[in-house]
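We name chains A, B, ... by the order of the sequence lines, and we start the count at 1 in each one.
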Amino acid sequence: MLRTHTCGELGAAMVDQRATLCGWVDRKRDHGDGVFIDMRDRYGVTQIVFEPDSGPELLDLAKRLRNEDVIQVEGLVEPRPEGQANPKLATGGIEVRASRLVVLNRTETPPFLPGQGSLPGEDVRLKYRYLDLRRPAMHRTLLLRNRIIKTMRDYFDEHGFIDVETPVLGRSTPEGARDYLVPSRVNRGSFFALPQSPQLYKQILMVAGLDRYVQVARCFRDEDLRADRQPEFTQLDLEMSFVQADDVIAMIDGLMARLARDVLGMRIDLPLPRITYDEAMRRFGHDAPDLRFGMEIADATDIAGRSQFRVIRSVADEGGFVRGITVRGGAPRFSRKQIDELTEFVKQDCGAKGLLWFRVEPDRALWSPVSKNIEPELLDAFRERFAGEPGDLILISADRWPITCKTLHGLRKRLGAELRLYDPAAMHFSWVVEFPMFDRDEEENRWVAMHHPFTAPRPQDMDLLTNDPARCRAQAYDLVVNGCEAGGGTIRIHDSSVQQTVFNLLGIDADTARERFGFLLEALRFGAPPHGGIALGIDRIVMLFGGLDNIRDCIAFPKTQKATDLMTEAPGAVETKQLDELGIRIAGKPA
RNA sequence: GGGGCCGUAGCUCAAUUGGUUAGAGUACCGGACUGUCGAUCCGGUGGUUGCGGGUUCGAGCCCCGUCGGCCUCGCCA
């Protein structure tokens, strides 16, 4: 070892002993006759002192040090002189009087200094990721990630789960996200797909009798990126045999309590609260509601239907909804201009045509540009429905159901953050359950699976599967943390005839099903146990537990929004020879 | 594919209504300094204002296109 200690561990107990440290020059303070170096490694920062009595060569070498040089220092650990302790440093009570300095590696002037200054733009950070990752904040996140994954592995090991690796080179499946494809050289013209999740393999493992499977699995989805979405991400994937939804949920409840306790030192009550999908949409307009604050949606469609005011009346008449939220004390806080901004926001981001709003006046009247069009007794009814008190601002969306959901959720999320309606350090865990089996694809006029096509309907909804698919609920459950979907799972279909029925509904004909999932259908016929599982988004959980607002900070080497790596410049061109071997020619850009 | 914000010194930012030689902090280079800890003080180097075109007597600023980063809708579970 080139060192005897780290830069974070020296303290009063080491005084008068010799130590050798290795690390980076974090800062240099040159006083002419004396030089102070703050020396940094993963474990902390220690002050090194060079003074004339250590000899002119040593002092001269120290003076020539630059930020981010890599050095080795040997010296005596000394208490700081009276009044010179630095309370900002964990090692601030001591310093190391250098007797030897070795420059292990000089640095060129770095584009930015990880130890100081304001954070550069994200493009610079990603290009010089090794410098960015030197920052203590990034170390903390990677350590947090490591701690979370270690806790997960320990927990599932204690509960009898077996870690099984599944292939990265698989086959493309039609449903779900766009696949990343890998051409096969040996089988020219054929392609592997990188897994969107190990879904099929883990079901096969249940058929194989593994009973409890777990994996930290890399997943790939070739879709557009977001602050919380990367093309390549990591799931804690698991599957259990002979279980019902409650069993999987309870298992994850235990994990969350353990993570909260061991990682955050936070106690959470179990079982975690559950609400149904329908209730979530009704009260919060979203299937992953942020339950850290209220501002619930109220429905006034019935009142609107009694009005002669065409704007709201027609919505009610045509099967739409008039729903809204109440911003407590919002009337004086939102100027006309700010309300216009909210209107612009819901038009731009939520597909809304507009936003109705009312201020509750001191005399409890509702004031709005459209108030004069609405019957006074109905205004009163609105105020009561939205529990409006003087000073409140009522925001209303009148539109088709999905648009009112999107709009009010969008407003709720935005206002919750802007008005600081919750403690940013608070953590709220909950489950959303009983998702619909199917969603309607209006453009293609067909049913699509809400989760994936292997999701089992609730036993009591089995007849709805064929009679009324829209009302058929699935044995599906999502873990929601602070309004973010942290994971989702289902009980799977373990009966090949039910599976066939679902495929039919989804418009996957028998031939296609056999071609794509033949092995699964076959496996289900050879004694498949009832089984189910869940996958947790590890990157997102790190983000949530770390209080971070973007997923890139939770990943050592993330991609940009255009799915490129600014450090390696991947993806890149390949040799023509490589393409020839694969039988691939690049077509011209489509017109 | 659509909407929005941004791009000026290595880095973070400023630059009046379109107006003289594009500034500051920091980093970097040189010098001074006996205890600093964002050290301080003095001096200095450093610019294709992302790129291309246009409008104008004159463009960092206005217009069009393009490249890149971020947020977002669509997409994605």
Side-chain angles (χ1 to χ4, degrees), chain A residues 26-39 45-53 59 66-68 78 80-89 91-92 95 97 107-128 131 175-179 196-197 199 219-231 233 235 287-288 341 344-352 406 410 413-414 432 435 439 443 448-452 455 476-480 484-490 534-537 540 549-550 552 559-562 564 566:
Chain A
D26 196 55
R27 274 192 166 84
K28 181 175 76 170
R29 292 177 291 279
D30 185 346
H31 286 249
D33 282 348
V35 174
F36 299 92
I37 299 290
D38 284 345
M39 189 172 172
V45 172
T46 298
Q47 173 163 283
I48 314 296
V49 185
F50 298 86
E51 285 192 330
D53 55 359
L59 187 59
R66 310 201 312 170
N67 288 323
E68 299 306 313
E78 296 183 345
R80 298 260 187 122
E82 191 68 25
Q84 295 295 335
N86 183 353
K88 289 187 209 161
L89 279 186
T91 61
E95 59 195 7
R97 182 164 300 268
T107 181
E108 292 182 17
T109 302
F112 67 95
L113 293 173
Q116 55 194 285
S118 48
L119 203 57
E122 196 158 0
D123 46 348
V124 177
R125 291 175 55 204
L126 290 174
K127 179 169 179 187
Y128 303 98
L131 296 180
E175 296 274 323
R178 193 175 293 117
D179 286 318
Q196 297 177 23
S197 76
Q199 182 62 38
C219 306
F220 306 86
R221 288 173 192 167
D222 187 4
E223 297 291 348
D224 285 354
L225 278 54
R226 286 287 185 283
D228 62 351
R229 268 164 34 190
Q230 280 276 302
F233 61 102
Q235 286 188 344
D287 62 359
E341 279 169 17
E344 198 47 42
F345 163 69
V346 299
K347 281 181 173 173
Q348 193 58 245
D349 285 13
C350 310
K406 246 177 102 59
K413 190 172 170 181
R414 178 176 163 149
V432 174
F435 279 75
D439 205 5
E443 281 181 23
V448 291
M450 196 113 176
H451 257 88
H452 53 61
T455 302
Y477 31 86
D478 274 7
L479 176 69
V480 177
C484 183
E485 181 197 332
T490 64
I534 191 168
L536 305 180
R540 284 187 185 173
D549 58 6
N550 100 56
R552 294 180 298 280
K559 306 278 189 289
T560 66
Q561 193 170 49
K562 290 196 72 184
T564 66
L566 294 181

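Residue-environment remark: NZ (A:Lys559) exceeds the threshold of 12 foreign heavy atoms within 6.0 Å.
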Next on the checklist: Run A:Gln561 and A:Glu122 through side chain to side chain contact (heavy atoms under 4.5 Å, CB included) and show every step you take.
Outcome noted: CA-CA 11 Å; A:Gln561 193 170 49; A:Glu122 196 158 0; over 6 Å; no
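No N or O donor and acceptor, one from the side chain of A:Arg226 and one from the base of B:rC70, sit under 3.5 Å apart. No hydrogens or angles were tested; on distance alone, nothing pairs the side chain of A:Arg27 with the base of B:rC37 as donor and acceptor under 3.5 Å. A donor-acceptor contact under 3.5 angstrom links the side-chain atoms of A:Arg97 to the base of B:rG35. A donor and an acceptor atom never sit less than 3.5 Å apart when one is taken from the side chain of A:Arg125 and the other from the base of B:rC11. Between the side chain of A:Glu108 and the base of B:rG10, no donor-acceptor pair under 3.5 Å is found. The base of B:rU36 sits with one of its N or O atoms less than 3.5 Å from a complementary donor or acceptor on the side chain of A:Gln47.
For the P atoms, the distance from B:rC63 to B:rC42 is 42 Å, rounded to whole Å. Between B:rU8 and B:rA24, the two C1' atoms lie 13 Å apart (nearest whole Å). Between B:rG58 and B:rG19, the two P atoms lie 14 Å apart (nearest whole Å). Of the P atoms belonging to B:rU26 and B:rG38, the separation is 14 Å, rounded to the nearest Å. Taking atom C1' in both B:rC73 and B:rC62, one finds a spacing of 29 Å when rounded to whole Å. If you take atom C1' in B:rC61 and the same atom in B:rA14, they sit 13 Å apart, rounded to whole Å. B:rC70 sits 49 Å from B:rC33 when the P atoms are compared, rounded to a whole Å. Between B:rG52 and B:rG10, the two C1' atoms lie 26 Å apart (nearest whole Å).
Atom pair A:Gln116:CD and B:rG25:P shows a separation of 16 Å (rounding to whole Å applied). Summarising the geometry, the separation between NZ on A:Lys413 and C1' on B:rC71 is reported as 11 Å, rounded to the nearest angstrom. Atom pair A:Asp123:CG and B:rU12:C1' shows a separation of 13 Å (rounding to whole Å applied). Protein atom CG of A:Asp38 is 13 Å distant from nucleotide atom C1' of B:rG35, rounded to whole Å. Atom-to-atom, CD of A:Gln561 to C1' of B:rG3 comes out at 13 Å; the value is rounded to the nearest Å. Between A:Gln230 atom CD and B:rC76 atom P the separation is 18 Å, expressed in whole Å.
No engagement by A:Gly83 is indicated, since no non-hydrogen atom pair under 4.0 Å with the nucleic acid exists. Across all strands, A:Arg221 comes closer than 4.0 Å only to sugar-phosphate atoms, never to a base (heavy-atom distances). Looking at heavy-atom distances under 4.0 Å, A:Asp224 makes contact with a base. Residue-level contact check: A:Glu82 touches neither bases nor backbone, having no heavy atom under 4.0 Å from any strand. As judged by a 4.0 angstrom heavy-atom cut-off over every strand, A:Gly121 is placed among residues touching the sugar-phosphate backbone only. In this structure, A:Glu122 reaches the sugar-phosphate backbone alone: every heavy-atom distance under 4.0 Å involves primed, P, OP1 or OP2 atoms, never a base. The residue A:Lys406 sits close only to the backbone: its heavy atoms come under 4.0 Å of sugar-phosphate atoms, none of a base. Heavy atoms of A:Pro81 sit under 4.0 angstrom from at least one base atom. Among the protein residues, A:Thr490 comes within range of no part of the nucleic acid, since none of its heavy atoms lies under 4.0 Å from any strand. Counting any heavy atom pair closer than 4.0 Å across all strands shown, A:Asp30 reaches a base atom. Note on A:Leu119: only backbone sugar-phosphate atoms sit closer than 4.0 angstrom, heavy atoms only; bases stay farther off.
Between the side chain of A:Arg66 and the backbone N or O of A:Thr107, at least one donor-acceptor pair lies under 3.5 Å. Between the side chain of A:Tyr477 and the backbone N or O of A:Val432 there is no donor-acceptor pair closer than 3.5 Å.
Checked against B:rU36, B:rC76, B:rC70, the side chain of A:Arg80 finds its nearest nucleotide in B:rU36. Here B:rA77 is the nucleotide among B:rC37, B:rA27, B:rA77 with the atom lying nearest to any side-chain atom of A:Asp287. The listed nucleotides are B:rC75, B:rA27, B:rC70; the one nearest the side chain of A:Thr109 is B:rA27. The side chain of A:Phe36 sits closest to B:rU36 out of B:rC37, B:rC70, B:rU36. Listed nucleotides: B:rC29, B:rG69, B:rG3. Nearest to the side chain of A:Arg66: B:rC29. Here B:rC11 is the nucleotide among B:rC71, B:rA77, B:rC11 with the atom lying nearest to any side-chain atom of A:Pro120. Distances from the side chain of A:Asn67 to the nucleotides B:rA27, B:rG69, B:rA77 place B:rA27 closest.
With a 3.5 Å ceiling on both atom-pair distances, the Watson-Crick or G-U wobble partner of B:rG25 is B:rC11. Here B:rU40 sits opposite B:rA32 as a Watson-Crick or G-U wobble pair (both hydrogen-bonding atom distances under 3.5 Å). The partner of B:rC5 is B:rG69, by the rule that a Watson-Crick or G-U pair needs both atom distances under 3.5 Å.
Of the two residues near RNA chain B, A:Arg29 and A:Lys562, the one whose nearest nucleotide lies more 5' is A:Arg29. Mapping A:Lys28 and A:Gly32 onto RNA chain B by nearest heavy atom places A:Gly32 at the nucleotide closer to the 5' end.
One finds no salt bridge joining A:Lys406 and A:Asp349 here, because no Lys/Arg side-chain nitrogen approaches an Asp/Glu carboxylate oxygen to under 4.0 Å. Taking 4.0 Å as the cut-off between side-chain N and carboxylate O, A:Arg229 and A:Glu223 do not count as a salt-bridged pair.
Centre separation under 5.5 Å together with a plane angle under 30° holds for the ring of A:His31 and the six-membered base ring of B:rA39, marking them as stacked.
Summarising the geometry, atom CG belonging to A:Asp222 is positioned 5.5 Å from atom CZ belonging to A:Arg178; distances are rounded to the nearest 0.5 Å.
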